[in-house]
*Asks:* 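There's a structure below that I have some questions on.
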Amino acid sequence: MMADTDLHEACGVFGCVATGAWPTQLDVAHTIYLGLVGLQHRGQESAGIVTSLGAEDSKFKTKKGMGLVTHIYTEEDIAKLKGNIGIGHTRYSTQGESEMQNIQPFVVETEHGLIAVAHNGELVNAKSLKKKLLRHGVGLSTGSDSELITQLLTHLPECGEPQGLVNWVGRIKRIMAETLTSYSLVIMHHDKIYALRDPFGNRPLCVGRLYPAAAFSGKKVLADDDIDGWVVSSESCNFNSMGARYYREVLPGEVIELSKDGVKSVYIAPRPNKAPPAFCIFEYVYFARTDSTFEGQMVYTVRQRCGRQLAEEAPVNVDIVSTVPESATPAALAYAEKLGIPYGEVFCKNRYIGRTFIQPNMRQRKLGVAKKFGVLTENFRGKRVVLIDDSIVRGVTMVPIVKLLRAEGAAEIHIRIASPPIKYPCYMGINIPTFQELIANVVPLEDMPAHFGADSLQYLSVDGLKKAVREGIKNPDGSTGHCVACLTGEYPVKCNDW
């Protein structure tokens, strides 16, 4: 099996609640399906959907599977998941093996009925929480820290539950006090979904309105409350595919209640010592789809600003600007525009190669990059090329890419990276390799051009990345802050579990 050298997000979460009278005419299960398809880039190992009619005695309907969302669900599966409310999850494992038992959402029976939980992120103190639960006699059936959250939710909160009424907000508050990061959660119980982000807002989460078909025909102008339902999603890029419109982000530390009656903010957890938020800056650099919106700005626009900033910090005299398809394309286009150099493609990506589970022989290994990319030789033969990429992790792929361009006649090859060097591991849901595997810790910066076979190599600075990201932020509460721990080693929280 070919080595996987890319960075990976932990997963994506999604939820949907129909408004108005139940049973609803809205196809909740299909809406969740579309939501997960739109979040497929956040996890390709497995997916799950859980729906309910939303009554106190309603059973949960569940369908989970390994692989891509479109391969797991058939029309018949979606029809069997009919309900008024539901949540979904698509996964790339960081904690817990890639197995059926770890597929989310997790469903647990409690004294107050069934709950379903879907989690994006990684708990920084998962080991300590696991020991605590085991000491209290709680058994765990998976290796996922998402199960820890589910089990913690079943414990009675310190504030109690007067009149026997279940106090889910109280239970959520206790979790947020016990583990500060990293999580975005959707929790389904009876007729409500609770959506929340950790106090540092490390992982994204946003809310959208589901409009009826008339809203998209141009024949009818609808009031804000004339909607079919509410959705909550890790990213907003999937909203158009299901007829939703972006409403707002869930704020760092905020708990939002979604029901058929609407959306209500019920709690905002404080950060210790009035610390700033710590939204993962690599959501902008690499993970998110370019048409998603974070902090009031589109990801595509931020990547363009990264390219312009890179042109200011690391210009080069070349004949053509290009990129390795395709998350760095906005940065490359902006870099070219800023310097007045033509942009042109040097590679054509084979989008259907997928992963091979047949052990490659030596000849196949040598053809690794050539299998992924076709070479547009006439665009660069005899020319000086600058190749823009969004990041370098292990550096495994860049060496054969440069060799391929050299073999096909490039006169010069310069590398520019639209983010700073990755030097430190992530403990908050990103599978950044170990310290020793990161190329920035193995090869000194001055030796990197020779290591990759390039004529020059430069990165965007940390300050330059922060500037590009923060220029267009429009946070309603005025707070700004990003986690750059993988670049600087300065983590938003410290933990004995690391």
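Computed from a prediction, not measured in an experiment: that's the story for all the values here.
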*Asks:* Would you call Pro325 and Phe347 a side-chain contact if the rule is heavy atoms closer than 4.5 Å?
*Replies:*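 SC-SC contact between Pro325 and Phe347 confirmed.
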*Asks:* Within this structure, what is the OG-CE distance for the pair Ser292 and Met298, rounded to the nearest 0.5 Å?
*Replies:*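 That separation rounds to 8.5 Å.
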*Asks:* Side chains of Asn240 and Arg245: do they bring a donor and an acceptor to under 3.5 Å?
*Replies:*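 Yes, because at least one side-chain N or O of Asn240 sits under 3.5 Å from a partner of the opposite role on Arg245.
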*Asks:* Do the side chains of Arg203 and Glu283 get close enough for a salt bridge, i.e. N-O under 4.0 angstrom?
*Replies:*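 Yes.
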*Asks:* Is it true that a side-chain atom of Ser234 and a backbone atom of Val13 form a donor plus acceptor pair closer than 3.5 Å?
*Replies:*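 Yes, the answer is positive, given that a donor and an acceptor are paired below the 3.5 Å cut-off.
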*Asks:* So, does Arg197 use its side chain to make a donor-acceptor pair with the main chain of Tyr183 at under 3.5 Å?
*Replies:*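 The answer is no, because no donor-acceptor pair under 3.5 Å joins these two groups.
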*Asks:* Apply salt bridge (charged side-chain N to carboxylate O under 4.0 Å, His left out) to Asp291 and list each qualifying residue two or more places apart in sequence or on a separate chain.
*Replies:*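 Counting only residues at least two positions away or on another chain, Asp291 forms a salt bridge (charged side-chain N to carboxylate O under 4.0 Å, His left out) with Arg289.
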*Asks:* Determine the interplanar angle of the Tyr73 and Tyr33 rings, folded into 0 to 90°, and report it as parallel if under 30°, tilted if 30 to 60°, perpendicular if over 60°.
*Replies:*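 If you compare the ring of Tyr73 with that of Tyr33, the planes turn out perpendicular.
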*Asks:* Looking at Leu36, Thr62, Asp77, which one forms a side-chain contact (heavy atoms from CB on, under 4.5 Å) with Ile49?
*Replies:*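 Among Leu36, Thr62, Asp77, the one that satisfies the side-chain contact (heavy atoms from CB on, under 4.5 Å) with Ile49 is Leu36.
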*Asks:* Between Leu457 and Leu445, is a side-chain contact (heavy atoms from CB on, under 4.5 Å) present by the stated rule, with each step listed?
*Replies:* CA-CA 8 Å; Leu457 183 147; Leu445 184 59; 4.1 Å; yes
*Asks:* So, Thr323 and Asp389: side-chain donor and acceptor under 3.5 Å apart, yes or no?
*Replies:*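 No.
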*Asks:* Apply side-chain contact (heavy atoms from CB on, under 4.5 Å) to residues Met428 and Tyr491 and explain how you reach the verdict.
*Replies:* CA-CA 10 Å; Met428 289 164 280; Tyr491 297 90; 4.0 Å; yes
*Asks:* Can you tell me how far apart CG (Leu258) and CD1 (Ile87) are? Round to the nearest 0.5 Å.
*Replies:*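 The distance works out to 11.5 Å.
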*Asks:* Is a donor on one side and an acceptor on the other found under 3.5 Å between the side chain of Thr90 and the backbone of Gly43?
*Replies:*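 Yes: the side chain of Thr90 pairs with the backbone of Gly43.
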*Asks:* Does any N or O in the side chain of Asp145 come within less than 3.5 Å of the main-chain N or O of Leu123, such that one atom is a donor and the other an acceptor?
*Replies:*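 Side chain of Asp145 to backbone of Leu123: a pair is present.
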*Asks:* Give me the atom names and distance for the closest heavy-atom approach of Leu196 to Val250.
*Replies:*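 For Leu196 and Val250, the tightest heavy-atom pair comes out as CA-CG1, 4.3 Å.
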*Asks:* Might you work through the side chain to side chain donor-acceptor pair (under 3.5 Å) test for Asn238 and Ser233, ending with a clear yes or no?
*Replies:* CA-CA 8 Å; Asn238 52 20; Ser233 177; 3.1 Å; yes
*Asks:* Between Thr329 and Leu333, does the side-chain contact (heavy atoms from CB on, under 4.5 Å) criterion hold? Intermediate values first, please.
*Replies:* CA-CA 6 Å; Thr329 301; Leu333 287 166; 3.9 Å; yes
*Asks:* Which residues satisfy the salt bridge (charged side-chain N to carboxylate O under 4.0 Å, His left out) test with Arg384, sequence neighbours excluded?
*Replies:*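 Arg384 satisfies salt bridge (charged side-chain N to carboxylate O under 4.0 Å, His left out) with Asp319 only.
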*Asks:* Going by side-chain contact (heavy atoms from CB on, under 4.5 Å), name the residues that satisfy it together with Ser146, two or more places apart in sequence or in a different chain.
*Replies:*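 For Ser146, the residues satisfying side-chain contact (heavy atoms from CB on, under 4.5 Å) (neighbours in sequence not counted) are Gln104, Phe106, His119, Ser144.
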*Asks:* Check step by step if side-chain contact (heavy atoms from CB on, under 4.5 Å) holds for Ile256 and Arg248.
*Replies:* CA-CA 11 Å; Ile256 282 182; Arg248 73 171 179 90; 3.3 Å; yes
*Asks:* I'd like to check Leu405 versus Phe380 (side-chain heavy atoms, cut-off strictly below 4.5 Å). Are they in contact?
*Replies:*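 Heavy-atom side-chain distance check passes, below 4.5 Å.
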*Asks:* In the structure I gave you, are the side-chain heavy atoms of Glu122 and Tyr427 within less than 4.5 Å of one another anywhere?
*Replies:*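 Answer no - side chains too far apart.
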*Asks:* Checking side-chain polar atoms at under 3.5 Å, does Gln458 have a donor or acceptor matched by the opposite partner on His414?
*Replies:*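 Result is no, nothing qualifies.
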*Asks:* Would you indicate whether the side-chain heavy atoms of Thr290 and Arg303 approach each other to under 4.5 Å?
*Replies:*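 Side-chain contact under 4.5 Å: yes.
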*Asks:* Roughly how far, to the nearest 0.5 Å, is the NZ atom of Lys383 from the CD1 atom of Ile413?
*Replies:*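 Interatomic distance, Ile413 CD1 to Lys383 NZ, rounded to 0.5 Å: 14.5 Å.
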*Asks:* Atom OG in Ser419, atom CD1 in Ile392: separation rounded to 0.5 Å?
*Replies:*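 Result: 8.5 Å between the selected atoms.
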*Asks:* Can any side-chain N or O of Lys338 pair as donor or acceptor with the backbone N or O of Arg308 at less than 3.5 Å?
*Replies:*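 Flag not set: sc Lys338 to bb Arg308 has no pair under 3.5 Å.
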*Asks:* Taking C-beta and beyond as the side chain, do Val324 and Ile401 meet within less than 4.5 Å on heavy atoms?
*Replies:*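 Yes, at least one pair of side-chain atoms sits under 4.5 Å.
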*Asks:* Around atom NZ of Lys64, are there more than 12 heavy atoms from other residues, nucleotides or ligands closer than 6.0 Å?
*Replies:*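 Yes, the 6.0 Å shell around NZ holds more than 12 heavy atoms from other groups.
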*Asks:* Can you name the one residue among Arg470, Glu249, Lys474 that meets side-chain contact (heavy atoms from CB on, under 4.5 Å) with Glu295?
*Replies:*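 For Glu295, the side-chain contact (heavy atoms from CB on, under 4.5 Å) test succeeds with only one of Arg470, Glu249, Lys474, which is Glu249.
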*Asks:* Which label fits Phe279 and Tyr284: parallel for a plane angle under 30°, tilted from 30 to 60°, or perpendicular past 60°?
*Replies:*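 Rings of Phe279 and Tyr284: perpendicular, over 60°.
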*Asks:* To check you understand the geometry: which heavy-atom pair defines the closest contact between Tyr343 and Ala332, and what is its length?
*Replies:*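 Heavy atoms only, the tightest pair is CE1-CB, 3.7 Å.
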*Asks:* Identify which one of Val386, Leu387, Val316 satisfies the side-chain contact (heavy atoms from CB on, under 4.5 Å) criterion when paired with Val321.
*Replies:*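 When Val386, Leu387, Val316 are each tested with Val321, the side-chain contact (heavy atoms from CB on, under 4.5 Å) holds only for Val386.
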*Asks:* Strictly distance-based, threshold 3.5 Å: is any side-chain N or O of Gln309 a donor or acceptor partner for the main-chain N or O of Cys306?
*Replies:*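 No; zero donor-acceptor contacts below 3.5 Å.
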*Asks:* On a heavy-atom basis, which atom in Ile72 and which in Ser46 lie closest, and how many Å separate them?
*Replies:*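 Distance-wise, the nearest heavy atoms are CD1-C, 4.4 Å.
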*Asks:* Between Arg42 and Glu235, is a salt bridge (Lys or Arg N to Asp or Glu O under 4.0 Å) present by the stated rule, with each step listed?
*Replies:* CA-CA 10 Å; Arg42 300 185 74 87; Glu235 293 184 42; 2.6 Å; yes
*Asks:* From Leu438 CG over to Lys423 NZ, what is the distance, rounded to the nearest 0.5 angstrom?
*Replies:*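 Here the interatomic distance stands at 10.5 Å.
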*Asks:* Keeping Glu471 on the side-chain end and Arg305 on the backbone end, is there a donor-acceptor pair under 3.5 Å?
*Replies:*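 No: the side chain of Glu471 does not pair with the backbone of Arg305.
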*Asks:* So which atom in Ser391 and which in Ile417 form the shortest heavy-atom distance, rounded to 0.1 Å?
*Replies:*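 Looking at all heavy atoms of both residues, the shortest contact is CA-CG2, 3.6 Å.
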*Asks:* Please assess Glu313 against Ser461 for the test side chain to side chain donor-acceptor pair (under 3.5 Å), listing each intermediate value before the final yes or no.
*Replies:* CA-CA 8 Å; Glu313 294 184 9; Ser461 67; 2.9 Å; yes
*Asks:* As a quick check of understanding, evaluate salt bridge (Lys or Arg N to Asp or Glu O under 4.0 Å) for Asp455 and Arg406, giving each step before the final call.
*Replies:* CA-CA 11 Å; Asp455 293 280; Arg406 290 274 190 213; 2.9 Å; yes
*Asks:* Measuring from Ile281:CD1 to Leu465:CG, what's the distance to the nearest 0.5 Å?
*Replies:*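 Ile281 atom CD1 to Leu465 atom CG measures 4.0 Å (nearest 0.5 Å).
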*Asks:* So, are Asp198 and Arg271 salt-bridged, with charged N and O less than 4.0 Å apart?
*Replies:*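 No, no charged N to carboxylate O under 4.0 Å.
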*Asks:* Compare every heavy atom of Glu345 with every heavy atom of Asn379, then report the nearest pair and how far apart it is.
*Replies:*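 Minimum heavy-atom separation between Asn379 and Glu345: ND2-O, 2.7 Å.
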*Asks:* Going by heavy atoms in the side chains, are Val117 and Pro105 under 4.5 Å from each other?
*Replies:*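 Contact flag for Val117/Pro105 side chains = no.
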*Asks:* Please tell me if the side chains of Ile172 and Tyr267 come closer than 4.5 Å, counting only heavy atoms from C-beta onward.
*Replies:*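 The answer is no, as the side chains (C-beta and beyond) never meet within the 4.5 Å cut-off.
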*Asks:* Looking only at heavy atoms, which two atoms of Thr31 and Met242 are closest? And how far apart?
*Replies:*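 Where Thr31 meets Met242 most closely, the heavy atoms are CG2-SD, 3.8 Å.
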*Asks:* Does any part of the side chain of Met176, heavy atoms only, come nearer than 4.5 Å to the side chain of Val255, both counted from C-beta?
*Replies:*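 A side-chain contact under 4.5 Å exists here.
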*Asks:* Can Ser184 and Asn120 be counted as having a side-chain donor-acceptor contact under 3.5 angstrom?
*Replies:*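 Distance-only check fails for Ser184 and Asn120.
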*Asks:* Can you tell me how the ring of Trp230 sits relative to the ring of Tyr247, calling it parallel under 30°, perpendicular over 60° and tilted otherwise?
*Replies:*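 Ring orientation of Trp230 relative to Tyr247: perpendicular.
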